[in-house]
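The block underneath contains the structure these notes are about, expressed in C-alpha cells.
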Protein chains: 2
Amino acid sequence: MSVTGHTRSGGRAEPPQGQQKAASIRDVAQAAGVSYQTVSRVINGHPNVREETRRRVQEAITALGFRRNATAFALASGVTRSVTVLTSNTLLYGYAATLQGLEEASRAAGYTLGVRVLTPEDDLDRTIASAADAGGGLVVIGFDRLGAAALERVPAHVPCAAVVEAPPQGQSPGLPAVWADDREAARAATEHLLALGHDTVHYVAIPASTGTPGSVGPRAEGWRQALEAAGVTAPEPSGKGWDSQAGYEAGQKLAQNQNVTAILCGNDDLALGVLRALHHAGRRVPEDVSVIGFDDAPHSAFVTPSLTTVRMDFQGLGRTAFGLLHARLDTEQQAPAPVPAKPALVLRESSGSRET
Amino acid sequence: MSVTGHTRSGGRAEPPQGQQKAASIRDVAQAAGVSYQTVSRVINGHPNVREETRRRVQEAITALGFRRNATAFALASGVTRSVTVLTSNTLLYGYAATLQGLEEASRAAGYTLGVRVLTPEDDLDRTIASAADAGGGLVVIGFDRLGAAALERVPAHVPCAAVVEAPPQGQSPGLPAVWADDREAARAATEHLLALGHDTVHYVAIPASTGTPGSVGPRAEGWRQALEAAGVTAPEPSGKGWDSQAGYEAGQKLAQNQNVTAILCGNDDLALGVLRALHHAGRRVPEDVSVIGFDDAPHSAFVTPSLTTVRMDFQGLGRTAFGLLHARLDTEQQAPAPVPAKPALVLRESSGSRET
DNA sequence: CTGAAAGCGCTTACAG
DNA sequence: CTGAAAGCGCTTACAG
C-alpha cells in the first residue's frame, strides 16, 4: 500500500500594499502625546510615571497594537532571555524527556528555548559558537560522547549548564551540571536480581559518554560493583548502540547461553530488543530469564511482559539544568534550582525469582 | 530502592577581571587599519574590496576572535534567520519526529530553531505573539485541537507554515501547510483487514484536531469509508486519549466483545495498550484478534507480537514544512520544499487472517 | 514626574 | 575600492 502526501503553498493573500509596518515606541509616544522616553518607562513598569500619563500611553499601546521589538530590546539592554540546548539526539526517550523539562522550565521563566542538534559531521566549535551567538545561555545534554565532547569545548565566558551521566566517582564536572545517580541505581537493580536468586547478572550497555573507546559508563560501573560486592565475577558486557536493534543483537548471543538467567539493560529500547531475541530463542521471561531496563519509557509498562526498569526523572534533570543556568544568567533570581527525583526501581513482569 | 541525585554549581572560576568584552567591528577596523565600514564589507563577502585589504581584515578578525553580533545584525538588516515551532507536545512519537525533521532542515539552511510548547492554560494569542516577536517565522504542529486552534489565530502578517492532519476532503488550509494522506492510509489498512476475512474492523481513535467535540479525524474517516465501501456498518469508534493507557481502556471493552476480531488504532501507543488489554483478557493476537497501529514508532517492530502499522514520514513532513516557510521568508531561495514519503502499511505479526 | 542625548553593534545608501 | 553619515528600535544615565 502507499498513499499520497500533500503540500499546499500560499493561499493567504499578500498584504494589500505596504505591509503596515509595526508600531514603534515613537508611534506610541506621538499617539499619546508624550516623549518616546516615557513610553519606555511605561512598558518597563518604571515607578515614576503619573497615573494619568501611564493610562494614556497604555491606551495608545493597545490602540496601535504595539509590541516591543525584542531584537532592539536585546541590543540596547544587553538582556537576552534565551537558552539554546545542544544535544546529539531529540528522539530517544531520555533526551526527549530532558528536553521537555528544559522547555517547561524555560517557558515558566519567560525564556526562549532554542534547540540545535550536534552531528559528528559538523564542526563542534562552530556549532557552539553560533549557538552562543544567540546571546543567551547554553545547556548541553552530555549523555553521549558527542554531547560530552561539546561540553568540553564550550568557551569559559559562555554561560552554560549541563545534564550529564553521573561523573566518575570522586570527580565533578568543571561547570554547573546535574545528573542522576545512575551508578547507584544500576547497583540496586543488580542487587535486586541477585537477591532473586540469580547467580550472576549480564549487562547490555549503552555507549559510554566518556573515556577510552572501550570504557563503560556509570550504569555499567554500578552493575559491576554490585556483582563484585557479592563475590561474583562480572561477565563481559555487551551492546553496541542505543536502540532496540542493538539490544536484539546482544540478546541473540545471550539467549544462546543457557547459564544466562538475568540481564540488565542500559535503557528500555535495548531491553525491548533483548526481550524480542529471547522470545525468538524460545526462552521465557521471566521464567527462564529476567530482564530489567533503564529509564521507564512510557510504553514500558504496556508491553508484554511489562518491563521492570529504573524510572529516571529526565524532566526533573532538564528543569534543574535550566535552573542552574538561570541562576547564572540572572543574578537577581533567587529561587534555587529544583531537585530532580531519585532513580527508582519499578518492579513489573519481566523480572522474577530464578527457577529450577 | 531509591538513589541520590546530584547537582553541582559553579566550579569554573569567574573571569579574572572585566569579562574581556567581545571584539566589535570597530575593534577589527582599528586593528586592520581600515574603517569599520570596510570590515562590514569583508564579513558580508561584498565584492568591491581590494584583496590585500580583505586579507588584513581577515587576519584582524581571527586575531581578535571577532564574531558578528547576531542581535545587531538582525536589528540593522531586518534579517532574522530563525523559526520557532509551536506544538502542544514534544514527547509523543509523531510530534518528536516532526520536530526532528524541522530541526534538521533548519540546521541545513542555517536557521535557528526555537520551540515553544502550547498549553491549555496559557493564552494562545500571547504565546503566538511572543513567538512571533522572535522575528523569524513560525511553524505550527496542528495534529491536535490546541495546535489547530493556534494555527487559526496566527496573524496574517506573521510568516507561518504548518504541518497538520489531512484537512477535510475538498478543503485546504488557508496558509502554507503539509500533511500526509492519513485518510487514504487508514482506508488501506482497513481494507487490508477486511481482505483478511474480518467481518468488520473496530477503531480506537486519537482525539480529532478539528470539528465539534464528538467529531473524528481523517484516520477515522478513511476507516469508515473503507467499511462503507464494503457494505459494512461502521461500529462506534472508541478511544479518548493519545497514550497507551487510553488504548488499554478502550481495549478492555473491545476485548469483552467476542465479535471483535480486528482493531485499527489511531497510533502505536494506543495499539500497545489494546494489545495489553487483549492479553489480559486472554484473547490471542493475531489468532483471535488482529491489531493495526499507526505511525510506526521505533519500538513497534520489537514488541511481541510485533505491530502491523502504518509508517508515517513525520521527519519528511517537518522538513517540508520548513521548506514552505523558508520559501516565504527568503524569496531568493529557489529550492522547492522536499516531498515527504507516502504513508505505507507495514505488515508484521499483530495482524492476520480471521480464524474460526 | 518627564524630556533630550548618547549608545547598543551592525547595515544600508551616499559620497568620493 | 573605501570612508563618513544616518538609522534599525530600544535603553540607560543625565538633566530639569
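Small disclaimer: the values here were computed from a predicted structure and weren't measured. Sequence lines set the chain letters: A, B, ... in the order given, protein chains first and strands last, and positions in each chain run from 1.
You'll find a donor-acceptor pair under 3.5 Å spanning the side chain of Arg41(A) and the base of dG3(C), going by distance alone.
Ring-centre distance between Tyr111(A) and Phe322(A): below the 6.0 Å cut-off.
Of the candidates dG9(C), dC10(D), dT11(D), dG9(C) carries the atom nearest the Asn69(B) side chain, counting heavy atoms from C-beta on. Distances were taken from every side-chain heavy atom of Gln37(B) (C-beta onward) to each of dT2(C), dA5(C), dA13(C); the shortest belongs to dA13(C).
Rounded to whole angstrom, the span from the CG atom of Asn48(B) across to the C1' atom of dC14(C) amounts to 15 Å. When rounded to the nearest whole Å, the span between OH of Tyr36(A) and C1' of dG9(D) equals 10 Å. The nearest whole Å value for the distance from the CG atom in Leu75(A) to the C1' atom in dG7(C) is 9 Å. Atom CD in Gln30(B) sits roughly 16 Å away from atom C1' in dG9(C) (whole-Å rounding). In this structure, the CG atom of Asp133(A) is 19 Å from the P atom of dC8(C), given to the nearest Å. Residue Asn44(A) contributes atom CG, which lies 11 Å from atom P of dC10(D) at whole-angstrom precision. Distance, Arg68(B) CZ to dC8(C) C1': 16 Å, rounded to whole Å. The CZ atom of Phe73(A) sits 20 Å away from the P atom of dC8(D) (whole-angstrom rounding).
Asp27(B) and Tyr36(B) form no side-chain donor-acceptor contact under 3.5 Å, judged by distance and modelled atom types alone.
Contact check, Ser35(A) against dT2(C): no side-chain N or O comes under 4.0 Å of OP1 or OP2.
Two residues, Thr38(B) and Ala76(B), neighbour DNA chain D, and the one matched to the more 5' nucleotide by heavy-atom proximity is Thr38(B). Between Thr53(A) and Arg26(A), the residue anchored closer to the 5' end of DNA chain C is Thr53(A), taking for each the nucleotide with the nearest heavy atom. Mapping His46(B) and Ala72(A) onto DNA chain C by nearest heavy atom places Ala72(A) at the nucleotide closer to the 5' end.
Nucleic acid contact class of Thr71(A) (heavy atoms, under 4.0 Å, all strands): none.
Test Arg55(B), Arg54(B), Arg50(B) against Glu52(B) for salt bridge (charged side-chain N to carboxylate O under 4.0 Å, His left out) and you get one pass: Arg55(B).
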